[in-house]
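All remarks here apply to the structure that follows.
Below, chain A is the first sequence line, B the second, and so on; all start at residue 1.
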Number of protein chains: 2
Amino acid sequence: MKDFLSLNNQLCFAIYETAGEFNKLYTSVLQPFGLTYPQYLVLLALWEKDEVSMKELGTRLGLGTGTLTPMISRMQENGWVRKERSKEDERKVFIYLEEKAHRDKSPITKRIAEEIQLCDISLTEYDELMTRLNELDQKLKDRSKSTGA
Amino acid sequence: MKDFLSLNNQLCFAIYETAGEFNKLYTSVLQPFGLTYPQYLVLLALWEKDEVSMKELGTRLGLGTGTLTPMISRMQENGWVRKERSKEDERKVFIYLEEKAHRDKSPITKRIAEEIQLCDISLTEYDELMTRLNELDQKLKDRSKSTGA
DNA sequence: TACAATCAAATCGTACACGATTCAAATAAA
DNA sequence: TTTATTTGAATCGTGTACGATTTGATTGTA
């Protein structure tokens with residue numbers, strides 16, 4: 001039990017730090033494009049699937065309305081996306097990618113790919129890490145479901 | 001190259017999400033104690049080694065003065081720590097744990113341990129994840145050193 | 001139809017997190 | 001010594017991030 005606790009302290013710290021480093025790496029690449037890291041994650045989601053509601057976007061990113069609303073507004077001001085209220089259900093607001101987002105996709109991803117290659121991460125490392133992280137993420141979410149409900 | 005990019009997108013997203021889930025789990029436990037997750041990480045660092053300067057604390061947590069100064073001030077207002085300017089070098093400010101931080105250490109860690117056990121994480125999982133995360137963290141840091149310098 | 005419950009966004013208040021700037025103290029150089 | 005540089009904190013502005021509350025639209029039910 002004591003071992004688990006101290007392991008966990010190390011783990012939560014390692015995740016905290018690595019997330020921070022990732023943030024810094026992406027920030028340095030994205031800054032020239034006038035994008036922040038979380039904003040890039042939004043584009044990533046929208047490049048996968050365009051025309052989604054705030055609700056769906058929030059679910060996919062694990063973000064609430066308090067975070068997303070002002071962030072999307074900023075992205076709209078900067079010409080990345082467009083907000084439009086649904087005609088069928090006026091409660092819903094859909095997000096659409098703007099030209100700029102399509103145009104800049106290639107140069108942005110190219111710059112990121114360049115930067116990532118400097119880190120010299122192997123395919124096995126990616127695989128291993130993602131599998132483990134997703135496992136952990138799932139367990140954390142299961143727990144909150146069982147205790148929170 | 002294309003594979004690496006899409007793998008990396010998945011990875012940065014997985015870390016982003018898992019970090020968020022960890023944050024939520026700890027927040028739910030720490031809230032009753034009047035602590036935030038980053039504040040707990042500060043206590044964790046100080047329980048390891050007390051009487052450190054802002055500078056050293058920032059280095060250990062990977063946080064800058066712009067984050068740390070207001071955070072420590074809040075923790076001082078709430079009675080967790082005390083700030084004191086060094087006599088030898090008046091530029092330095094040392095942080096000291098207060099009684100409350102010592103007193104609450106045991107109940108806090110106990111509650112966290114309880115919550116973690118619900119997630120059912122194995123020793124191998126901890127080990128594997130931490131090793132991989134630290135490897136990655138190191139590579140990210142090496143890169144920023146070589147490009148930034 | 002009418003009214004309650006529900007749902008989607010927006011808003012508000014608090015707390016990180018970072019880069020850039022400022023300021024005082026300490027150290028190095030002239 | 002006097003000046004120049006460096007160093008450690010604090011401050012400022014911008015941008016997440018979250019829970020709680022509010023507002024307006026929709027749906028369910030009497």
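When rounded to the nearest whole Å, the span between CD of A:Gln76 and P of C:dA9 equals 14 Å. Protein atom CD1 of A:Ile95 is 12 Å distant from nucleotide atom C1' of C:dA8, rounded to whole Å. In this structure, the CG atom of B:Leu68 is 10 Å from the P atom of C:dA17, given to the nearest Å. Across the protein-nucleic acid pair, B:Leu41 atom CG and C:dA15 atom C1' stand 14 Å apart, rounded to whole Å. Atom pair B:Lys87:NZ and C:dA25:P shows a separation of 13 Å (rounding to whole Å applied).
Under the 3.5 Å distance criterion, the side-chain polar atoms of B:Lys100 are matched with a main-chain donor or acceptor of B:Asn78. Judged purely by atom type and a 3.5 angstrom limit, B:Glu77 has no side-chain atom pairing as donor or acceptor with the backbone of B:Arg74.
Backbone-only contact: A:Glu88 has heavy atoms under 4.0 Å from sugar-phosphate atoms and none from a base.
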Do A:Tyr16 and B:Phe22 pass the ring pair (Phe, Tyr, Trp, His ring centres under 6.0 Å) test, and can you show the C-alpha distance, the side-chain angles, and the key distance before you say yes or no? CA-CA 9 Å; A:Tyr16 180 81; B:Phe22 250 95; over 10 Å; no

Can you list the steps and then say if B:Tyr96 with B:Asp50 is a side chain to side chain donor-acceptor pair (under 3.5 Å)? CA-CA 6 Å; B:Tyr96 301 84; B:Asp50 202 355; over 6 Å; no

When every nucleotide of nucleotides 5-17 of chain D is labelled 5' to 3' by its protein contacts under 4.0 Å (heavy atoms), B for base, S for sugar-phosphate only, - for none, what sequence of letters results? --BSSBBB--SBB

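The number of heavy-atom neighbours closer than 6.0 Å to NZ of A:Lys139, taken from other residues, nucleotides and ligands shown, is above 12.
In this pair, A:Tyr40 and A:Trp47 present their aromatic rings perpendicular. The plane angle is above 60°, beyond the 30 to 60° band.
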